[in-house]
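Worksheet: the structure to be examined is printed underneath.
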Amino acid sequence: MITTNEILETIDMISQQHLDIRTVTMGISLRDCGHPDVNTCCDKIYDKITKLAEKLVKTGEDIEREFGIPIVNKRVSVTPIAIACECCDTEDYTPFALALDRAAKEIGVNFIGGFSALVQKGFTVGDRRLIASIPEALAKTERVCSSVNVASTKAGINMDAVALMGRIIKRTAEMTNGQGCAKLVVFANAVEDNPFMAGAFHGVGEPECVINVGVSGPGVVHSALTKCKGQPFHVVAETIKKTAFRITRMGELVAHEASRRLGVPFGIVDLSLAPTPAVGDSVADILEEMGLESVGAPGTTAALALLNDAVKKGGVMASSNVGGLSGAFIPVSEDAGMIRAAESGKLTIEKLEAMTCVCSVGLDMIALPGDTTAETISAIIADESAIGMINQKTTAVRVIPVPGMKVGDRLDFGGLLGSAPIMAVNPASPRVFIDRGGRIPAPLNSLKN
Amino acid sequence: MKAIVTVIGKDTVGIIANVCSILAQNGVNVLDISQTVMREYFTMIMLVDTSGCKVDFSALSDILKKDGQDHGLDIRIQREDIFEAMHRI
């Protein structure tokens, strides 16, 4: 029998420390939805998603109530549209985004991911069409998320794609007053089974339909660490491991339950610490609890490295299949502690870049001044891609150049996306560097120093 | 199916009687019960069997939650599995 203390501890985690299942994401293959006629293709996409995910939200809500654990988001990811719809005879891919948006609204999910292209080595016709359609697609839809993979450890960095994505992000920001950029991620080493938005898509090696679950719980880790003040780091690491184990066990339970009820295979549990703007649900707070005056202070990278590694070590044993991004997220706008540090000038983009070397995923939800050039954004993407490529990890860039705003202003996204202080960018120009184009070759995987 | 009912709140007369009568009315069998007062808060934990429950689990959860709100208590019912998963290997 479970003891009273264990029961109360679980309830405290849920009610006081924001423990939740962040997302149950159904991955759906759209590889059989291609058709030369755009309308037929859109109908096939809509029909398949609404049929397979019809009960996703209801099932999530049932599990939520029976187990008493909040499942914050129910979402869908699909095969990258550039692949699924490539045989379609159209220049403009916006109709596919509209079909995804309609399907998302019909089944009641708040985001649908997969308006995506994988171009780390080069572009196909469909890739180019999709990327060109991103600004309009994000302007005309509410729930569609887009991602483009521009680099990998095996292929190197496609600098033509990097240059292009700088312009696409600027154009998206202009057409959506910045808001659309919150739904657009540029990746290096993108994973195929990520359940988290905005970067989720259903990879080509995935089955027909799959359930992936993302767990969360920065508040629980923070609370556990408050009980080991002044202790050495091995105690900190052990505490995080034990907490991550418990959080993940719960994710594993929910994942198998959702899989069973929906009759869809279980894919992976993503062991991520995903913050929300709510007080007490912050990754920055964990780092500060380790003894830093503010996130961004010297020592932040080491603290984050410990956190990220301990979360994985604790979580891996708790799940039969771990995948996705699995690590600590550091989205600035979605983390009250990060916002505080950025506004006080203690957290800079350069420090965030260093932090991305040791955690998942990258420069995430960072608002930039409206006059930031496309080349500068491309160069930021190139830097992040280089970190991912060399370190054989996923990195990503989700930045928002907000039209008309300057350093010190603040952009409000609302809801889980939070609000972002505009952060200063190094003003020196990388234009000539970005204008070169071509590819940065894949790196050597030995002689590692 | 086994579930855990937790009742947390300010101690008043008749809390146990009230919760037990709701469970009885809905065909839920109480298997074990423990209660304590921690930091001025009344805390009761019940292990129950819902296999004979006359309403579905969600409805029972709503009934208990509403009754808790009416009496200034936090009443939850959760499947036992979640606690097992979190605290037992």
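Naming convention: chains lettered A, B, ... in sequence-line order (proteins, then strands); numbering from 1 in each chain.
- A/N212 and A/D193 are not linked by any side-chain donor-acceptor pair at a separation below 3.5 angstrom, with hydrogens and angles left out of the test.
- Per-residue heavy-atom pair counts under 4.5 Å with chain A were compared for B/D62, B/D74, B/L47, B/T36, and the maximum is reached by B/D62.
- Side-chain contact annotation: A/D270 with A/S272, donor-acceptor N/O pair under 3.5 Å present.
- Residue contact with chain B, scored on non-hydrogen atoms closer than 4.5 Å, involves the side chain of A/E9 exclusively.
- No side-chain N or O of A/T276 forms a donor-acceptor pair with one of A/E334 less than 3.5 Å apart.
- What you find for A/G60 and A/I71 is that their closest heavy atoms are O-CD1, 3.4 Å.
- Only the side chain of B/T43 comes within contact range of chain A, with heavy atoms under 4.5 Å apart.
- Side chains of B/H87 and A/T10: a donor on one and an acceptor on the other come within 3.5 Å.
- Using a 4.5 Å cut-off between heavy atoms, B/I45 contacts chain A through its side chain alone, with no backbone atom that close.
- A/K74 pairs with exactly one of A/L56, A/I107, A/T59 by the side-chain contact (heavy atoms from CB on, under 4.5 Å) rule, that one being A/L56.
- Looking at residues two or more places apart in sequence or on another chain, you find a side chain to side chain donor-acceptor pair (under 3.5 Å) between A/K58 and A/D62.
- Using a 4.5 Å heavy-atom cut-off against chain B, the contacting residues of residues 243-266 of chain A are A/F245, A/R246, A/R249, A/M250, A/L253, A/E257, A/R261.
- Only the side chain of A/L19 comes within contact range of chain B, with at least one heavy atom under 4.5 Å from a heavy atom of that chain.
- Of the atoms belonging to B/D32, it is side-chain heavy atoms, and not backbone ones, that fall under 4.5 Å from chain A.
- B/F83 touches chain A through backbone and side chain together, each having a heavy atom under 4.5 Å away.
- For B/I77, the part sitting under 4.5 Å from any heavy atom of chain A is the backbone (N, CA, C, O) and nothing else.
- Of the two parts of B/S58, the backbone and the side chain both hold a non-hydrogen atom closer than 4.5 Å to a non-hydrogen atom of chain A.
- The pair A/R22-A/D281 meets the salt-bridge criterion, since a charged nitrogen lies less than 4.0 angstrom from a carboxylate oxygen.
- The closest side-chain donor-acceptor pair between B/D49 and B/S51 falls under 3.5 angstrom.
- Between B/D67 and B/K65 no salt bridge is recorded (no basic side-chain N to carboxylate O distance below 4.0 Å).
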